[in-house]
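Notes to accompany the following structure.
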Amino acid sequence: MDYLINEGYPAAAKKFAAEADIPHPTGDYENIEDRVEIRNAIISGDVQTAIEKINELNPSLLDLDESLHFALLRLQLIELIRKANSIPDGDIIPAITFAQTQMAPRAPKNPEFLKDLECAMALLIYPPDKLIPSLVGLLEPELKQGIANRVNEAILKGQGYRSQTRLKSLVKLKAWAEKRARDAGHDLPDKLSIWHDSVKPTTSVEDSLMGGTNEAAAMAL
């Protein structure tokens with residue numbers, strides 16, 4: 001249940017509670033719908049709406065977490081560049097103005113910020129179909145998903161809840177241990193499941209535990 005609630009799967013949580021005949025903990029997780037809306041806004045590329053909703057939910061969150069704030073701003077810049085590059089002779093002025101006013105003043109605070117800003121601005125130089133390998137990841141859906149996960153965890157932490165569920169922590173621990181074993185030269189199967197032989201979840205369920213947003217997969221739990 002805590003995985004479904006923390007990861008923002010209200011429908012799956014209600015279905016699980018009904019089938020297991022346990023009360024749905026709406027009181028302790030009253031902001032789940034807000035977190036879902038924020039996550040969906042990030043995934044869809046509407047970063048400005050996500051930032052506004054985050055500030056409504058927790059006005060100090062982004063002020064206290066400058067790294068997360070800058071990651072969101074960079075994603076917003078990437079979306080502006082993506083929009084400009086999507087049409088011939090697209091207007092790049094909004095992207096440049098945003099970078100100058102919203103990101104450049106913050107960049108000197110952290111060398112990583114400056115590096116991230118420079119990489120994002122490089123998207124204006126290379127055509128989308130001729131990006132160098134180091135820039136390709138900026139346009140992949142995984143970047144949005146990763147930032148959405150960071151935002152969700154930060155909101156939960158700010159509300160006094162565990163930022164990660166026990167189940168998700170277990171999956172990450174399993175991945176770490178498996179990597180250590182392979183690096184040490186131990187002979188392991190190509191894929192190790194976290195599940196008992198009597199439990200055969202779909203691949204999408206296990207993938208969702210590693211950060212996916214597929215509620216249908218979550219409901220399969």
Side-chain angles (χ1 to χ4, degrees), residues 7 38-54 61-62 65-154 163-164 168 171-172 174-176 178-185 190-191 203-204 206-214 217:
E7 295 301 308
I38 291 169
R39 180 190 67 198
N40 291 343
I42 294 173
I43 297 300
S44 68
D46 189 1
V47 186
Q48 183 58 38
T49 294
I51 291 176
E52 291 173 359
K53 289 184 177 295
I54 292 169
L61 190 152
L62 296 181
D65 194 337
E66 293 184 350
S67 177
L68 180 59
H69 193 185
F70 197 84
L72 283 164
L73 293 175
R74 183 183 68 156
L75 185 58
Q76 190 168 359
L77 173 62
I78 290 171
E79 291 304 307
L80 289 171
I81 295 174
R82 190 198 303 271
K83 181 179 179 181
N85 288 341
S86 66
I87 55 177
D89 299 321
D91 186 5
I92 64 173
I93 298 302
I96 294 176
T97 300
F98 182 85
Q100 291 175 335
T101 59
Q102 300 298 320
M103 301 183 68
R106 294 178 167 86
K109 297 180 181 180
N110 187 320
E112 288 299 317
F113 290 177
L114 182 58
K115 179 181 177 181
D116 287 345
L117 175 57
E118 290 173 347
C119 287
M121 292 301 290
L123 293 173
L124 290 172
I125 301 175
Y126 297 93
D129 58 341
K130 296 182 180 180
L131 290 177
I132 59 177
S134 61
L135 299 180
V136 172
L138 297 180
L139 299 178
E140 296 293 333
E142 287 77 12
L143 178 64
K144 296 178 184 178
Q145 182 60 61
I147 293 175
N149 289 343
R150 287 178 60 187
V151 168
N152 188 58
E153 292 174 2
S163 60
Q164 290 190 1
K168 194 170 185 179
V171 172
K172 290 188 174 182
K174 174 256 186 187
W176 173 82
E178 183 178 338
K179 183 179 185 302
R180 288 292 298 272
R182 294 187 190 282
D183 291 345
D190 292 339
K191 182 175 179 59
T203 301
S204 58
E206 191 158 341
D207 290 343
S208 74
L209 295 177
M210 295 302 290
T213 60
N214 189 334

Nearest 0.5 Å, please: how far is CD1 in Ile93 from CG in Leu80? 12.0 Å
If you measure from CG on Asn152 to CD1 on Ile54, what distance do you get to the nearest 0.5 Å? 10.0 Å
From the list Leu73, Leu75, Ile42, Asp46, side chain to side chain contact (heavy atoms under 4.5 Å, CB included) partner of Ile51 resolves to Leu73
Any donor-acceptor pair under 3.5 Å linking the side-chain atoms of Glu153 with those of Asn149? no
Is the closest side-chain heavy-atom distance between Glu66 and Arg106 below 4.5 Å? no
When rounded to the nearest 0.5 angstrom, what is the spacing between CG in Leu72 and CD in Gln102? 12.5 Å
Which atom names give the shortest non-hydrogen contact between Leu62 and His69, and what distance separates them? O-CB, 3.7 Å
Taken to the nearest 0.5 Å, the spacing of Phe70 CZ from Met103 CE works out to 3.5 Å
In the structure I gave you, are the side-chain heavy atoms of Ile81 and Ile92 within less than 4.5 Å of one another anywhere? no
With sequence neighbours excluded, residues passing side-chain hydrogen bond (donor to acceptor under 3.5 Å, both in side chains) with Ser67: Arg150
Rounded distance [0.5 Å steps], CG in Leu68 versus CG in Leu61: 6.5 Å
Do you know which two heavy atoms are closest between Leu143 and Gly137, and how far apart they sit? CB-O, 3.9 Å
Note: Ala120 and Leu77 closest approach over all heavy atoms is CB-CD2, 3.8 Å
Which salt bridge (charged side-chain N to carboxylate O under 4.0 Å, His left out) pairs, counting each pair once, include a residue from residues 68-90, with sequence neighbours left out? Arg74-Asp116, Glu79-Arg82, Glu79-Lys144
Verify, without hydrogens or angle tests, whether Thr97 (side chain) and Pro94 (backbone) share a donor-acceptor contact under 3.5 angstrom. no
A side-chain contact here means heavy atoms from C-beta on lying under 4.5 Å apart; do Cys119 and Leu135 qualify? yes
I want to check something: taking the side chain as every heavy atom from C-beta on, are Ile78 and Val47 in contact at a cut-off of under 4.5 Å? no
So which heavy atom on Ile43 is nearest to which on Ala148, and how close? CD1-CB, 4.1 Å
